[in-house]
Amino acid sequence: MPERLHEGEKIFRGIPVSAGVCRGKILVLDKPRQPAPQRILSDAEVEGEVARLENALLQTRQQVREVQRKVVESVGDEQGSIFDAHLLVLEDPVLVEEAKKLIRANKVNAEHAFSSVAEHYAAALAKVDDDYLRERAADIRDVTARVLNQLLGHEDEVDLRHLTEPCLIIAHDLTPSKTAQLDRKKVLGFGTDVGSKTSHTAILARSLRLPAIVGLKDASEQLNTGDFALLDGFNGVIVVNPTDQTLFEYGQLARRQVTLEEKLRDVITKPAVTLDNHRVFLSANVEQAADAEVVKASGAEGIGLFRTEYLFINREAPPTEEEQFEAYRHAAVTLKPSPVVIRTVDLGGDKLLSSLTVPLEMNPFLGWRAIRFCLHQTDIFRAQLRAILRASAEGTVKLMYPMICGLDELTQANALLAKCKDELRAEKIPFDDRMEIGAMIETPSAAVIADSLAKRVQFFSIGTNDLIQYTLAVDRMNEKIAHLYEPTHPAIVRLIKATVDAAHARNVWVSVCGEMAGDPAFVPLLIGLGVDELSAAPPLVAPMKYLIRRLKLSEARELATFAMNCESPPEIAARCQEFAQAAAPALFER
Ligand code: PEP
Ligand code: MG
C-alpha cells in the first residue's frame, strides 16, 4: 500500500471488507442529521415562518405522491399504497396545527416546531405495545425527515437503483437491503461509518465484487458529495484528492493484481489438492439463484451456502412456493450434478422482512431469528421446505437449518419437513426422499452438543461469523469492538476442532461457510483442524485454491496443533498469517 500521505490529500481509515481499488466522485448518502436547529423569531417573522411550513408540507406531499406514482408504475399498487400512510401524516390536522401553534406561541422556526411536535407523537407511539401503532411512529419519523429536508434545502434520499453517474457511495450505514439495491454498473465501491467484516453488508460487497470499507467513524460527516477520492478496499483507506504520485503508486498495485489474477485463472479448473495430495472440497456462497453461473466460473465445486433471505427482503409479501421453487431449481439445474446447499431462511438480526411487522428487539441477534422465526411462522417455513424439496428432484440439493441451538429445534424442523414430504407424495409431486439434511454450527451450544446433532444430520456447516459473535459475546456488526472479534481466539479454535471430531466420529461431513473460510490467512488452519469443505464468496474461491495447492496437509496439521495448544489469539493469528504468506506470497502483496 502506498504509505506516505502527499500534500493536499486527506486520508480516512477503516476496516477493509472487500478487496479492490476504485476511484471517482463521492456520493454521500443520508448524512446523520443533527437535531433541527432552533431559532427565535422576531414578531415580524412569525407568519412568514408559518407560511414556510405550509409550503414545505405542500412540496413534501407532491414529492411523496411522485415517489408513490413511480413505485406503482414499477412495482405495483400494493407497494405504492405504503405511501398512503405518509400522506396521512402530512395531512394530519392535529400535527400540523400544533406545529403552527408552537411557531406562534414560542416564536420558533418551522424546523424546530415541526420536528418537536412530530417527535413527541412518534416517541409516544413507539412505546405502545402494538405493532401497527409502532409502525406509524416510523412513518412519522420518515415523513418528518422529508419535511426537514424541504425546509433546510437538503437533497432528498438518493434512489440507489437509478444513479446517473459512476460514484463511490459513502454512508453512515448501509443496510443489507439497501446494499442489495446498489446498481453495480454505477457504484464503484462504498464506505460506511459503522459496520464490521462479517456484517451482511460486508458479505454482500464481496459477492458483488465491490471494493468496500466499513468502520470509517465519521467519514460520512466529513466527506462531501462531489469530492474526488480513491478507495482502497485492500487496506481500508480512502484518499481524498489523491495526487498523481498516489495514483501512480496505486497503478502499480493494480498491475500486481493483474499478474495475480493471471495466476489465479490458471488454477480455476484444477482441483483443490495440497502438495501432499489431500483433497479439499471448495464451494461458494451465494445470495441469489442468478449467481449460480458465477459459481460455475469461479472454480467452486458447488454451492456451500445459498443465503435465501435475499429472496425475502426488499419486498412487501414473502415469495410464494412457486417463486422459490423456480429460484432453487435454477441453482440446482445449473450446477447439477454438483451440490447446492440451500439454507432455510435466516431472517432477523440485520436482515428484516419488510412485509412482516417484527417487533423491535433489544438484541436482534439474540432474538426472533432464523430457525426460531421459521418454527413460529410455519406457513412461510412450509412454503420454503416444499420449494426446496421440489427442487431436490432436479439436481443435488441439500437442505440446511440455520442457528440451531438444541435438538428440539432440529426435531421440530424435521417433523415439518416430513409433513411436507407427505403432502408432496399425496400430490404426486416429485422430490428426492434422500435429500441430505444439515445443521449450521453457529452457536456455542450447537458446537458443544455436536455429538448429539451428528446422530441426526448428514452434514454440518460451521458458520464462524455467528459462532465467533456468540462465543465471544462480540456483536459482529459493531466496529467499536471489532478488535475483540477474534477468529483465532482459543475458544473458537477448540470449538471448531471439537465439532470436526464429533462429526467425523459419525462420518458426518464438515464444511465452514463463515467468512473465516474465505480468508487466506485462516485456510491452512481450518484444513489442519480437519475441515472437509470450505465455502466462500465466488471471487475468493480461486485464491483459496491457489493457496491450498501450495501447502502441505502435514504442515497445516502442525499449525493446527500449535493453535490448539496456544493461549494467545494474536500469536495464533500471527502464526496463521506467516504460514499462509510463506505458502502463497502473491496473495498478500498489497
Ligand atoms: C455464519 O454465521 O457464519 C454464516 C455463514 O451465516 P450468516 O453470515 O448468513 O449469518
Ligand atoms: Mg450465521
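In each ligand, atom 1 is the first atom listed, and ligand 1 is the first ligand listed.
- When Glu442, Arg307, Glu515 are ranked by how near their heavy atoms come to atom 5 (C) of ligand 1, first place goes to Arg307.
- Taking a cut-off of under 4.0 Å to the non-hydrogen atoms of Leu305, the atoms of ligand 1 that pass are 5 (C).
- Residue contact check for ligand 1: Met516 places no non-hydrogen atom closer than 4.0 Å to it.
- Within Asp466, the N, O or S atom lying nearest to the Mg ion (ligand 2) carries the name OD2.
- The shell of residues lying under 4.0 angstrom from ligand 1, judged by heavy atoms, includes Met440.
- Atoms of ligand 1 lying under 4.0 Å from any heavy atom of Gly463, numbered from 1 in the order shown and given with element: 1 (C), 2 (O), 3 (O).
- Which parts of ligand 1 touch Cys513 is read off a 4.0 Å heavy-atom cut-off, strictly below it: atoms 5 (C).
- Shown in contact with Arg369 at under 4.0 Å from a heavy atom are these atoms of ligand 1, numbered in order with element: 10 (O).
- Thr201 and Ser199 form no side-chain donor-acceptor contact under 3.5 Å, judged by distance and modelled atom types alone.
- In this structure, a donor-acceptor pair under 3.5 Å is absent between the side chains of Asn465 and His200.
- Taking the ring centre of Phe579 as origin, the terminal cationic atom of Arg575 falls outside the region bounded by 6.0 Å and 45° from the ring axis.
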Steps toward salt bridge (charged side-chain N to carboxylate O under 4.0 Å, His left out) verdict (Lys455, Asp451): CA-CA 7 Å; Lys455 291 182 205 157; Asp451 54 341; over 6 Å; no
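- Heavy-atom separations between His200 and ligand 1 include at least one value shorter than 4.0 Å.
- For the pair Lys197 and Tyr485, the NZ or CZ position fails the cation-pi test of under 6.0 Å to the six-membered ring centre and within 45 degrees of the ring normal.
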Working for salt bridge (charged side-chain N to carboxylate O under 4.0 Å, His left out), residues Arg382 and Glu321: CA-CA 9 Å; Arg382 285 183 49 230; Glu321 174 187 322; over 6 Å; no
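- In terms of polar-atom proximity, Thr464 is counted as a contact of ligand 1, with an N or O under 3.5 Å from an N or O of the ligand.
- Of all atoms in ligand 1, listed by their number and element, those nearer than 4.0 Å to a heavy atom of Asp346 are 10 (O).
- Counting just the N/O/S atoms of Glu442, the one with the shortest distance to the Mg ion (ligand 2) is named OE1.
- Close contacts of ligand 1 with Ile203, meaning ligand atoms under 4.0 Å from a residue heavy atom, involve 8 (O).
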Glu326/Arg329 under salt bridge (charged side-chain N to carboxylate O under 4.0 Å, His left out): CA gap, chis, key distance, verdict: CA-CA 5 Å; Glu326 275 311 318; Arg329 195 191 63 84; 3.4 Å; yes
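- Checked by atom type, the side-chain pair Gln412/Tyr401 shows no donor-acceptor distance below 3.5 Å.
- Residue Asp466 has at least one heavy-atom neighbour below 4.0 Å for each of these atoms of ligand 1: 1 (C), 2 (O), 3 (O), 10 (O).
- Side-chain contact of Thr198 with Gln469: a donor-acceptor pair under 3.5 Å is absent, judged by distance alone.
- The neighbour count for Arg557 CZ, taken as heavy atoms of other residues, nucleotides or ligands under 6.0 Å away, does not exceed 12.
- Only side-chain heavy atoms of Arg343 come within less than 4.0 Å of ligand 1; its backbone N, CA, C and O stay farther off.
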